[in-house]
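Below is one structure, written out as structure tokens, with a few remarks after it.
Numbers for residues simply follow the sequence, beginning at 1. Atoms within a ligand are numbered from 1 in the order they appear, just like the ligands themselves.
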Amino acid sequence: MMGQPESVQWIGDVDGCLRLLDQTLLPLELRYVACHDVDAVWEAIKNLRVRGAPAIGIAAAYGVCLGLRNADETEPELFDQLQQVTTHLTGSRPTAVNLFWALDRMRAAADRLRGRATSREIRQALLLEAQAIHAEDRATCHAIGRCGTTLLPDPARVLTHCNAGGLATSEYGTALSVIFTAWDQGRRVEVFVDETRPLLQGARLTAWELTQREIPTTLICDSMAAQVMKEGRVDAVITGADRIAANGDAANKIGTYGLAVLARAHGVPFYIAAPTNSFDLSIASGEHIVIEERAAEEITENFGRRTAPVGVHTYNPAFDVTPARLISAIITERGIIQPVNRETIRENVSGQRTISK
Ligand code: MRU
């Protein structure tokens, strides 16, 4: 298979620009948007041109570089601007912790040079930091895949939700990395893909990534998962995560919690695959995770056609939280967390920095 197009690319040197694969247009159109300033990156994150927790973090890190583009003046001005730019980017989407983690890392990289470098040198160091975040994510995704395959039987019939693939990361993905790795190892894999209402990340993006690789793929509506499990056609459910609390409660795309309940009811293991930078050890449980609410139109008139009466009330949470007790294991780049509890998480994720709000 030809390499999948990258969702995030930095073009050029410190005065370069960010190129994002516009995921709102897939699978019909493969088009890139160029971001030359921080507002364009904010807009791309907010409107899901770039989406998926790790990809959002990487894009935001490059967004900091763009936001400081004209900050070649004095150091205090650069640090003022850095504060403004990072605050602005944190307001784009609230749930994926990778955004806050990446921005913290960028601030820390600049702080290390405070009083010791010119503004341009600090900007150059920030680009290197963003590129390091990007490169580390590649290695992380491949490591998650290698760890996760050990949990799968051969043949394996896996059900997934939303998109936790190459598009949602630097490449290869988290949940999909487990599937891609098993496939690349020559194992037999078959995937059920939830379409993922309301924005169809499963149908538009995950089904696209899997069929590009010619992995046997069956698209189902979200409401069909129970029936498919009851028919005994699923060996494991694997999804990604946007934020995992210290006790293992995990936020992911709306519908994930329901799938975990279904998996438990049918005796199917439910796995989360996520990098350690998706953990937020500063929060004790999922109760403290901010769930993004998105526009009513995503439910009532998405994809160009009104499908509900004008004036109807809607509720559109973009994520839900799966309690740790329903998660059979969490797959990270460092290994498998099983059972999922405060102690096993602390052991696996120790060294992870606390994220500032
Ligand atoms: O709203 P989205 O499309 O950004 O939601 C994405 C998800 O819920 C993914 O499963 C999660 O970010 C993990 S991506 C590796």
Side-chain angles (χ1 to χ4, degrees), residues 4 7-8 20-26 44-60 92-102 137-138 140-145 148 159-180 193-209 222 237-244 250-260 270-280 286 289-295 298-299 302 316-322 327 330-333:
Q4 186 179 299
S7 49
V8 182
L20 298 173
L21 180 61
D22 188 344
Q23 298 189 36
T24 63
L25 304 174
L26 286 169
I45 295 174
K46 178 82 190 164
N47 293 322
L48 276 54
R49 296 186 204 290
V50 60
R51 46 140 305 280
I56 291 171
I58 298 163
S92 56
R93 293 190 79 188
T95 305
V97 74
N98 312 60
L99 171 73
F100 302 85
W101 170 85
D137 186 68
R138 286 177 210 283
T140 294
C141 286
H142 285 275
I144 288 173
L159 190 149
T160 191
H161 188 70
C162 194
N163 173 264
L167 292 165
T169 59
S170 52
E171 64 173 22
Y172 224 53
T174 57
L176 290 197
S177 171
V178 177
I179 293 165
F180 293 159
V193 178
D194 266 3
E195 66 175 354
T196 317
R197 280 278 290 152
L199 296 182
L200 305 186
Q201 287 93 331
R204 295 187 303 102
L205 309 175
T206 299
W208 182 73
E209 289 197 45
D222 300 351
V237 177
I238 313 180
T239 74
D242 287 84
R243 190 184 292 239
I244 305 172
N252 191 51
K253 179 54 54 193
I254 191 75
T256 304
Y257 169 39
L259 266 188
F270 176 88
Y271 302 124
I272 293 266
T276 49
N277 58 36
S278 291
F279 286 78
D280 182 352
I289 299 178
V290 178
I291 300 292
E292 177 184 11
E293 263 189 63
R294 294 188 62 89
E298 289 185 355
I299 303 182
N302 207 12
N316 185 16
F319 300 95
D320 57 28
V321 176
T322 299
I327 303 172
I330 301 178
I331 306 156
T332 76
E333 73 276 20

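With sequence neighbours excluded, the residues forming a salt bridge (charged side-chain N to carboxylate O under 4.0 Å, His left out) with D22 are R49, listed by chain and number. By the side-chain contact (heavy atoms from CB on, under 4.5 Å) test, E171 is found to be paired with R138, H142, residues two or more places apart in sequence or in another chain being considered. Remark: R204 engages no residue in a salt bridge (charged side-chain N to carboxylate O under 4.0 Å, His left out) (not counting sequence neighbours).
Atom CZ of F270 sits in a crowded spot, with more than 12 heavy atoms from other residues, nucleotides or ligands closer than 6.0 Å.
Counted by atom type alone, E333 and T276 present one or more donor-acceptor pairs between their side chains at under 3.5 Å.
In this structure, R93 is not positioned above the aromatic face of F319 in the sense of NZ or CZ being under 6.0 Å from the six-membered ring centre and within 45° of the axis.
Protein residues having a heavy atom under 4.0 Å from any atom of ligand 1 are R51, G52, A53, P54, R93, C162, N163, A164, A168, T169, T174, Q201, A241, D242, N252, K253, F319, listed by chain and number.
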